[in-house]
Amino acid sequence: MSNMLLITLLLGLMAIAYQLGLVRSKGVAATTSGTGVKMHSRPTYHAMLVALWVGVPAALIFAVWSLFQPGIIESMVLAQLPPEMMPATENDVRILLRRIHNLSGGFGLIEEAAAYELNAARYMAELRSISQMLMIALMASVAATALVWTRKRIHPLLRARNQVEQAVRVLLVACSAVAILTTIGIVLSMIGEAMRFFSFVSPMDFFFGTTWNPRFSTVGTDGQTGFGMLPLLWGTMMIALIALAVAVPVGLMAAIFLSEYASDRVRAVAKPIIEVLAGIPTIVYGFFALITVGPFLANFGASLGLEIRATSAITAGLVMGIMIIPFISSLSDDIITQVPKSLRDGSLGLGATKSETIRKVVLPAALPGIVGAILLAASRAIGETMIVVLAAGNSPVLTANPFEAVSTMTVTIVNQLTGDLDFASPQSLVAFALGLTLFVITLLLNVVALVIVRKYREQYE
Amino acid sequence: MKTTNMMPEDQLDLAQKRDRMQQRVKASLKRRHAQEKRFKGMGMAAVVTALAFVTLLFFTILSKGLPAFWQATLTLQVYFDPEVIRIDPKPEKRSDESEGAFQQRYLAWQTQLGFVNFNRIILDSLAREIPEAPEYQRDALRLVTSGERFALRGLVEKDPSIIGQTLTLDLLADANVDVWMKGNIDRNLPDAQQQLSARTRAWVDELQARGVIKSKFSTALFMNPDSRSSLASAGLAGAFMGSLMMMLIVMFLAVPVGVASAIYLEEFAPKNKLTDLIEVNINNLAAVPSIVFGLLGASVFILWFKMPLSAPLVGGLVLSLMTLPTVIIATRSTLKAIPPSIRQAALGIGASKVQSVFHHVLPLAIPGILTGAILGVAQALGETAPLLLIGMSSFVASVPATPFEQSTALPVQIYLWQGNELRNFFEARTSAAIIVLLALMITLNALAIWLRKKFETRW
């Protein structure tokens with residue numbers, strides 16, 4: 001945790017620098033008062049500038065150093081290894097480096113450490129402490145120089161405020177870049193791991209295979225089979241369709257009733273209660289499906305002579321439908337209220353009843369927006385995880401029977417990545433290929449939905 | 001002049017036509033009004049259905065979970081027998097010894113205490129109520145959950161002067177006793193399918209009749225970490241701590257970064273292709289499935305940066321990235337609602353752009369930003385799927401002290417408990433955990449609504 005200590009120290013140093021800068025700039029201001037020269041910036045800006053100059057370069061050194069130190073040390077350690085001990089393959093090098101790491105960190109090893117390994121470990125520890133010391137020295141000297149220099153620089157004409165504001169702007173831009181970086185990170189990491197997966201299994205087998213049965217085999221063996229995605233995709237689609245079949249009628253009719261018929265009081269009470277459904281954690285829905293809905297459906301099916309599994313596509317779909325009701329109802333509600341009153345008045349004036357007006361005038365006018373809302377809800381349903389993990393039964397088979405247990409892409413991602421995390425085997429890497437597919441599907445749905453909704457908004461604004 | 005000279009037949013015809021028309025209209029009106037009624041009825045039915053789902057959900061969880069807050073508890077006279085607890089006096093720090101030496105002595109004393117057979121103590125106190133208990137040790141010990149041994153040890157460690165005294169203590173009964181008492185298992189099942197032996201069951205019924213075992217409000221659910229050996233005392237403390245740490249990380253990462261980027265996009269960014277791209281990107285990020293963020297965390301934080309598995313730190317980072325769009329969108333809409341006149345007034349009296357934003361716009365936006373931040377944190381609190389992928393689904397029997405240690409989170413604990421084999425005990429306990437989680441979320445949301453109501457300004 002010496003890094004934490006270092007960061008705390010740096011922050012403390014910045015605070016001291018701020019105080020020093022403040023005192024100094026106040027002094028400068030006092031000497032110039034009455035001489036006709038006016039300070040360009042207030043003392044706090046000067047102080048902030050000093051603190052920034054002290055903190056930022058040192059922090060940059062710290063970041064760059066931490067980024068490159070491990071790599072450089074590793075290559076130096078490898079360079080001093082006796083040549084005959086140098087492992088041949090890249091994988092062996094990695095294993096050896098891990099052993100040396102553990103040794104130098106004071107952890108034990110499974111096997112006895114060889115003498116050359118001990119030497120290398122000692123060397124590594126030595127390098128590490130030297131590097132650490134160098135870094136601290138460099139940071140301290142840079143910070144000290146900056147402190148002295150910027151303190152001296154404080155002058156009535158120094159445009160400290162503009163410089164501080166420039167720094168603030170850079171910070172703001174950096175913060176908004178985080179969102180972009182997240183997307184790039186998602187795409188790159190998924191593509192990277194998915195590519196590694198496709199080096200084991202051909203994309204054709206993955207995207208068009210109809211059996212999902214990945215057996216656990218050791219890394220590197222040929223003939224990885226059973227990675228066909230279609231059963232999972234089908235399960236996902238089936239559950240999402242069931243969910244939409246539940247949520248669209250209920251959500252849409254509820255939105256119509258609340259926006260067109262209900263009195264203000266009913267609306268004020270019912271709308272927030274329905275929206276509560278959107279705030280409930282999905283694990284709660286999953287538990288609800290498992291404990292209440294599943295057994296109920298199974299009993300209900302038995303009374304009709306149908307065989308319904310307690311954990312099945314219909315259970316998961318039904319509960320997921322309940323979950324997305326508020327998405328559809330509140331989005332549609334917004335859209336329906338946006339339809340101009342003149343359209344309604346025109347229709348009512350021609351003698352149409354209220355329901356005729358809604359069905360023949362309001363809904364067609366709101367249709368694009370409602371479609372957008374449904375697409376957004378569909379993408380939510382496809383990406384939903386916990387309900388299906390608990391209630392879909394996890395059996396990856398191609399079946400058209402909604403009363404059977406199925407599996408989905410999200411469930412499989414969870415199954416493949418929990419437990420032992422071994423990122424080298426196709427059994428784990430397949431999760432990233434599935435995640436990439438999921439990401440692309442939901443992205444397409446979202447983009448189409450957002451475009452439709454946006455177009456529609458512009459139409460009536 | 002044909003029109004004025006209408007034939008009577010024509011008039012009759014017209015009147016008939018009008019009549020027929022009226023009849024048709026009347027008939028269709030009936031149909032149309034019926035349709036209107038049906039349509040309205042459907043709308044009402046949809047609202048009622050949605051409300052019924054909400055009610056059913058809460059009713060199920062509450063009716064299953066509330067009883068779990070009361071657990072079967074034995075009230076026993078516990079005699080801390082000096083014959084059994086044969087330990088040295090608790091070491092006191094001497095002035096002439098170093099901290100290390102004292103620690104060593106203390107550890108030795110703790111080890112000694114660890115060897116004490118507290119089962120013996122429990123058996124003896126059970127024997128006061130059930131005379132034949134010592135003969136059937138196994139059956140008797142099944143009455144009290146195994147974690148209570150350590151609770152007794154903790155009592156002695158805290159205050160060794162209780163050795164030799166008799167205290168009246170509440171000991172949690174075993175999970176299976178609780179199940180039997182609450183009738184969560186079919187009492188008519190044959191012995192082979194019962195978790196408790198016939199003798200233990202008979203004892204439970206007898207003790208219950210005498211009032212020794214009672215359902216009492218138990219704090220075990222809140223105070224203890226998870227446990228696998230002593231199911232009756234498994235609690236949420238560890239998960240709660242993990243969730244709390246992650247919430248703090250989200251608050252200190254997602255909120256400032258989100259607010260800053262919203263300020264940039266709303267106040268400073270030039271309207272160009274790049275800003276458009278960022279905007280579309282943020283809207284999309286808000287709709288990316290949460291599990292994808294888990295994959296991101298697994299590959300970037302764990303695989304590349306070699307951060308520890310199951311640590312609240314990694315969970316907090318992943319959840320921060322996930323809630324970032326929520327915070328940005330909420331902050332932007334708040335900033336949008338602040339009238340331009342505020343900015344213009346500030347700029348007009350000579351403030352810089354940055355000053356006008358940070359000194360004038362931002363303070364007015366704080367209530368809205370807080371509301372958005374709280375909603376974001378609440379969203380992060382309920383999220384499960386991404387946490388499973390970064391290894392937070394492992395069993396952790398301690399309360400984490402730092403964000404680098406292994407931990408679970410409240411929703412993950414729910415996931416773990418619902419899968420426990422002792423279904424008829426853990427169904428209720430999981431529901432109780434859900435009640436705790438929902439209570440927290442409702443509190444957060446209520447806080448957000450209250451803030452909005454209290455500080456809302458209409459421009």
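In what follows, every chain begins at residue 1, and chains take the letters A, B, ... in the order their sequences are listed.
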Task: A:Leu445 portion near chain B, given a 4.5 angstrom heavy-atom threshold - done: neither
Open item on the list: Nearest 0.5 angstrom please: A:Thr442 OG1 to B:Asn284 CG, how far?
Closed with: 8.5 Å
Task: Spacing of A:Ile413 atom CD1 and B:Leu389 atom CG [to the nearest 0.5 Å] - done: 7.5 Å
Open item on the list: Minimum heavy-atom separation for B:Val292 and A:Gly435, please, with both atom names.
Closed with: CG2-O, 4.3 Å
- [ ] Mind listing the closest non-hydrogen atom pair of B:Met441 and A:Gly279 along with its distance?
- [x] CE-O, 3.4 Å
TODO: Identify which part of A:Leu390 has an atom lying under 4.5 Å from any heavy atom of chain B, answering side chain, backbone, both or neither.
DONE: side chain
TODO: Answer with side chain, backbone, both or neither: which region of B:Glu267 has an atom nearer than 4.5 Å to a non-hydrogen atom of chain A?
DONE: neither
- [ ] Among A:Leu277, A:Ile274, A:Ile325, find the one that has a side chain to side chain contact (heavy atoms under 4.5 Å, CB included) with B:Val54.
- [x] A:Leu277
Open item on the list: Taking side chain as everything from C-beta outward and backbone as N, CA, C, O, which of these in A:Val250 sits under 4.5 Å from a heavy atom of chain B? Side chain, backbone, both or neither.
Closed with: both
Task: Qualifying residue for side chain to side chain contact (heavy atoms under 4.5 Å, CB included) with A:Val168, from B:Tyr264, B:Phe358, B:Phe268 - done: B:Phe358
Open item on the list: Is B:Val300 in contact with chain A via its backbone, its side chain, both, or neither, using a 4.5 Å heavy-atom distance?
Closed with: side chain
Open item on the list: I'd like to know which of A:Val173, A:Val276, A:Leu171 tops the heavy-atom pair count under 4.5 Å against chain B.
Closed with: A:Val173
Task: Proximity breakdown for A:Ile273 and chain B, heavy-atom pairs closer than 4.5 Å - done: both
Task: Residue pair B:Ile328 / A:Ala179: nearest heavy atoms and the distance that separates them - done: CD1-CB, 4.5 Å
Open item on the list: With chain B as the partner, which of A:Leu258, A:Thr282, A:Ile280 has the greatest number of non-hydrogen pairs under 4.5 Å?
Closed with: A:Ile280
Open item on the list: Counting only non-hydrogen atoms closer than 4.5 Å, does A:Thr292 touch chain B with its backbone (N, CA, C, O), its side chain (CB onward), both, or neither?
Closed with: side chain
Task: Greatest number of heavy atom pairs closer than 4.5 Å to chain B - which of A:Arg359, A:Glu384, A:Glu260 - done: A:Arg359
- [ ] Sort A:Phe327 into side chain, backbone, both or neither according to what part of it lies under 4.5 angstrom from a heavy atom of chain B.
- [x] neither
Open item on the list: I need the minimum non-hydrogen distance between B:Leu265 and A:Ser176, along with the two atoms involved.
Closed with: CG-CB, 4.5 Å
Open item on the list: For B:Lys40 versus A:Phe257, what's the shortest heavy-atom pair and its separation?
Closed with: O-CD1, 3.8 Å
TODO: Measure A:Val447 against the heavy atoms of chain B and call it side chain, backbone, both or neither at under 4.5 Å.
DONE: both
TODO: Return the option, out of A:Asn162, A:Leu376, A:Thr183, A:Val319, with the maximum number of heavy-atom pairs under 4.5 Å with chain B.
DONE: A:Thr183
TODO: Under 4.5 Å heavy-atom distance to chain B, tell me which part of A:Thr410 shows up: side chain, backbone, both or neither.
DONE: both
